[in-house]
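Report on the following structure.
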Amino acid sequence: MAKGRKRRSLILWLSIPFAALITLLALMALRLMLLPDTAHSEKQQAITGAMAGAYSHPIDGEAALMRLSQALQFQTISTENPADRDASAFAAFHAFLADHFPLVHARAERIDLGSDALFFKLAGSKPTLPGSVLMAHQDVVPIEPGTDQDWQHPPFSGAIADGHIWGRGAMDDKGALLAILEALELLLADGFEPERTLWLAFGADEEVGGENGAVKIATWLSEHDIPIAFALDEGLAVLHGITPGVSAPVAMVGLAEKGSMTIRLSAQEDGGHSSMPPRISAPGRLAKALTRLERNPMPASLDGIPAQMLVRLAPHMDFPLDLITANLWLTEALVIDQFSAAPSSNSMIRTTTAITMLQAGFKSNVLAQTAEATINFRLRPGDSGQDILDHVRRVIDDEAITIHGTDEEAQPASPISSTQSAAFSVLERSIAKSFPDALLAPGLVIAATDGRHFTKAADDVYRFSPMRLHPDDLARLHGTNERLKIDNYLEMIGFYAELINATDQN
Ligand SMILES: [Zn+2]
């Protein structure tokens with residue numbers, strides 16, 4: 001009897017947290033159901049938009065493909081040492097473009113900024129309306145010495161084989177550059193007469209910083225007070241099987257890109273013979289500091305772009321990720337833990353710390369007097385150079401380590417572009433029409449693009465290439481066997497034609 005009462009009261013006690021848990025789960029589920037399906041609603045609009053008259057024009061795919069193939073054969077390589085640059089390759093590439101895109105070259109004015117950058121203005125009939133800038137870059141990175149033989153088709157062959165077009169620049173970024181020109185050539189052939197001015201900004205030095213390309217173009221636009229609603233550059237893409245928990249492809253539009261800051265740490269100790277070492281050496285002291293830095297990363301946060309992305313994708317995630325993601329108010333710590341576990345997702349939620357160079361000692365039996373480390377941080381929006389310096393000082397907690405670096409040397413993350421602008425909704429609709437199988441979500445670009453130079457010249461800068469990327473494609477960017485799927489290239493042309501047309505009608 002007593003036993004029975006005890007059991008009942010135990011059940012009663014257990015049932016309270018159980019009831020609370022059920023209520024909590026119901027609340028979480030409700031929250032998931034109430035999330036607006038913004039990743040899909042644009043698609044509905046797109047379908048009605050398509051019926052109201054989407055831009056469509058038959059593309060001569062074979063001819064377009066041949067042009068991209070030829071474009072990939074020009075060795076427009078950006079070299080670290082400017083003296084190694086082959087200027088004739090860029091000149092030949094320009095002549096090739098002029099030959100093959102006669103309408104663009106006849107109708108658009110090329111503004112010469114004294115470099116290899118191609119900067120075109122297609123004047124609109126209403127010059128007071130804000131214009132737009134479509135960006136891509138002509139230059140490519142070199143082939144890593146000794147890896148030529150690993151390519152299935154030679155890197156500058158432009159080979160068309162196995163449903164792909166092969167070569168350095170196919171993905172980064174000649175595919176986009178040629179697709180923009182194909183789209184505009186098609187539109188002009190169709191009698192396109194824009195109201196808004198369209199600018200094409202094709203830098204020739206993106207891979208080495210963009211000083212002679214994007215920087216000059218953006219400065220020119222600012223100095224001439226040209227109103228620009230948006231600039232669209234490379235950055236993110238249509239991702240297949242890359243977004244955890246989402247089986248559909250995700251067209252991810254970069255709203256911002258991370259910044260960068262490099263500091264040096266040094267430790268100094270007395271030198272001398274290695275037979276009589278001190279308790280702690282300069283390299284030992286430095287190593288301790290570096291270990292602390294790696295174990296104590298900068299704080300993570302989902303605020304801003306990661307939260308925007310998760311909220312959009314939550315309704316399309318598999319269980320239980322959908323429930324977890326829809327309830328960040330409760331699960332934020334858990335989600336941050338999950339993101340922190342993999343380098344790619346970790347880089348989206350915090351300023352990352354990368355120890356890149358180490359230097360100490362010169363002889364095996366001599367104590368090093370100095371030990372030095374170089375550390376590269378990639379700043380998330382919101383973190384400043386000073387935040388990093390404060391963090392490093394606090395974590396290292398060693399007066400004997402000198403920190404070399406100042407707040408002024410930091411290049412902060414770019415501003416975050418709006419998802420509420422008219423330009424963003426045009427972009428969204430154009431993506432939905434061209435990639436009806438894909439969801440759309442905002443994202444943060446973790447590498448640097450030319451787009452960062454346009455944040456003053458344009459109201460908003462979006463970073464999206466209409467390129468489909470699968471997990472195994474990521475290593476092809478700047479790597480071996482760079483290639484673009486033929487069908488995807490045709491989609492890219494369609495996307496840019498749609499976007500140019502829709503932007504003008506907006
Ligand atoms: Zn690129």
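Numbering of ligands and ligand atoms starts at 1, following listing order.
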Taking it one step at a time, do Phe119 and Trp199 satisfy ring-ring contact (aromatic ring centres under 6.0 Å, His included)?
CA-CA 7 Å; Phe119 179 33; Trp199 306 83; 5.5 Å; yes

Audit row: Ser418, Asp460, side-chain hydrogen bond (donor to acceptor under 3.5 Å, both in side chains) steps and yes/no:
CA-CA 7 Å; Ser418 171; Asp460 288 296; 4.9 Å; no

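The Zn ion (ligand 1) is the vertex of the angle joining NE2 of His137 and OD1 of Asp172, which measures 90° to the nearest 10°.
No donor-acceptor contact under 3.5 angstrom links the side chains of Thr219 and Lys456, judged on distance only.
Side-chain contact between Phe424 and Leu255 is present, with heavy atoms from C-beta onward closer than 4.5 Å.
Taking 2.8 Å as the threshold, Glu207 does not count as a candidate ligand of the Zn ion (ligand 1), since none of its N, O or S atoms lies below it. Checking Asp450 against the Zn ion (ligand 1), every N/O/S atom stays at or beyond the 2.8 Å cut-off.
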